[in-house]
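Read through the structure below, which is laid out as structure tokens, and then see the notes.
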Amino acid sequence: MATEKVENLIAPIEETAINLPATTLLEKSINRIDSNSPKTLKPVLKLAHDYLTVPLEAIERKAHSYPVLNSVHRVTKIPPITFFGVLSLAVILVFRRIYRSNAHLLSNIIGVLYPAYASIRAIEAPNPDDDERWLTYWSVFGLFALADHSSATIRKYFPVYFTFKIAGLYWLAHRNGSLDVYRRVVRPIL
């Protein structure tokens with residue numbers, strides 16, 4: 001009986017029962033503006049509809065595909081897109097607060113958490129190609145760690161150092177930038 005309740009809570013919502021409040025609100029707003037606007041604005045409103053409503057609908061449908069968001073929706077009656085938006089905003093505000101108080105810590109958290117997880121997965125995987133990727137990432141990350149020892153001096157002349165460091169670490173980890181840096185900078189020096 002208890003397992004049935006849990007399964008019912010996390011079961012995905014049927015496709016026909018999906019309520020898309022943000023998309024509906026946007027479409028109503030565009031239609032209201034469209035009904036009161038001159039003919040010259042019609043092409044602009046058509047573009048607004050195509051470029052805003054269609055992606056928003058896709059995002060809302062994607063939010064409905066996550067069982068956790070659906071269970072929150074069933075319990076609280078908060079639409080999944082709203083809960084996801086509020087949760088995303090909260091995460092952004094927490095990261096912003098950490099960045100303002102301790103950018104060095106935030107840059108190291110971003111530079112370590114996911115890459116450590118991906119490195120462990122790479123070690124466990126039979127394919128050795130990703131091992132090289134993450135080994136080079138950690139080598140380049142070590143260079144950033146060395147630069148951080150003089151970060152006070154760097155920030156004196158370059159105040160957005162940690163912003164660029166976070167962007168650089170993202171590029172290194174997610175865009176195979178570590179292999180590029182290793183092949184173009186580190187290997188020729190060694």
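In summary, of the residues considered (L52, I59, V54, L56), a side chain to side chain contact (heavy atoms under 4.5 Å, CB included) with T23 occurs for L56 alone.
The CD1 atom of I30 sits 4.0 Å away from atom OG1 of T53, with the distance rounded to the nearest 0.5 Å. Note: E57 CD to L26 CG = 11.0 Å, rounded to the nearest 0.5 Å. Taken from CG in D180 to CZ in R175, the straight-line distance is 12.5 Å, to the nearest 0.5 Å. A distance of 8.5 Å separates OG in S107 from CG in N102, rounded to the nearest 0.5 Å. Between F83 atom CZ and K77 atom NZ the span is 15.0 Å, to the nearest 0.5 Å. Note: L135 CG to S119 OG = 8.5 Å, rounded to the nearest 0.5 Å.
Separation of the F164 and F158 ring centroids falls under the 6.0 Å cut-off. Annotation: F162 is in aromatic contact with H104 [ring centroid separation under 6.0 Å].
I154 approaches A147 most closely through the heavy-atom pair CD1-O, 3.5 Å. Summarising the geometry of P115 relative to I110, their closest heavy-atom pair is CD-O, 3.9 Å, with the distance given to 0.1 Å. Nearest heavy atom pair, residue A63 against residue L69, reads O-CD1, 3.4 Å.
With a 4.5 Å cut-off on side-chain heavy atoms, I78 and H73 do not count as touching. Taking 4.5 Å as the limit, some side-chain heavy atom of E60 sits within range of a side-chain heavy atom of P21. Under the 4.5 Å side-chain criterion, counting only non-hydrogen atoms from C-beta, I166 is not in contact with Y161. Within the 4.5 Å cutoff, the side chain of L45 has heavy atoms near those of the S37 side chain. Using a 4.5 Å heavy-atom cutoff, the side chains of I81 and H64 are not in contact.
Taking the six-membered ring where the residue is Trp, H174 and Y170 present tilted rings, their angle falling between 30° and 60°. Taking the six-membered ring where the residue is Trp, W134 and Y137 present perpendicular rings, their angle passing 60° and hence far from 30°.
A chain of hydrophobic side-chain contacts below 4.5 Å, direct or via other Ile, Leu, Val, Met, Phe, Trp or Tyr residues, connects V185 to W138. Under the 4.5 Å side-chain heavy-atom criterion for grouping Ile, Leu, Val, Met, Phe, Trp and Tyr, V94 is connected to V91 within one hydrophobic cluster. Linking ILVMFWY residues whenever their side-chain heavy atoms come closer than 4.5 Å, directly or via other members, leaves I33 and L25 in distinct clusters. Residues Y114 and I92 do not share a hydrophobic cluster, clusters being chains of Ile/Leu/Val/Met/Phe/Trp/Tyr side chains in contact below 4.5 Å. One hydrophobic cluster holds both F95 and V112 under the rule that ILVMFWY side chains link at heavy-atom gaps under 4.5 Å.
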Requested in this report: With side chain to side chain contact (heavy atoms under 4.5 Å, CB included) as the test, would you mind laying out the steps for L169 and F141 before giving the verdict?
Outcome: CA-CA 8 Å; L169 290 173; F141 181 81; 3.6 Å; yes
Query raised in the report: Does the pair K46 and D50 meet the rule for a side chain to side chain contact (heavy atoms under 4.5 Å, CB included), with working shown?
Result: CA-CA 6 Å; K46 171 78 170 115; D50 293 345; 3.1 Å; yes
Query - Derivation of the side chain to side chain contact (heavy atoms under 4.5 Å, CB included) call for V68 and F84 - result: CA-CA 10 Å; V68 172; F84 179 74; over 6 Å; no
**Report entry** Working for side chain to side chain contact (heavy atoms under 4.5 Å, CB included), residues F144 and N108
**Finding:** CA-CA 10 Å; F144 270 115; N108 284 336; over 6 Å; no
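When only modelled atom types and interatomic distance are considered, T163 and Y99 share a side-chain donor-acceptor pair under 3.5 Å.
Side-chain N or O atoms of K42 include one that pairs as donor or acceptor with a backbone N or O of D34 at under 3.5 Å. Panel note: side chain R184, backbone L179; no donor-acceptor pair is recorded below 3.5 Å. Checked by atom type and distance alone, the side chain of S101 pairs as donor or acceptor with a backbone atom of R97 at under 3.5 Å.
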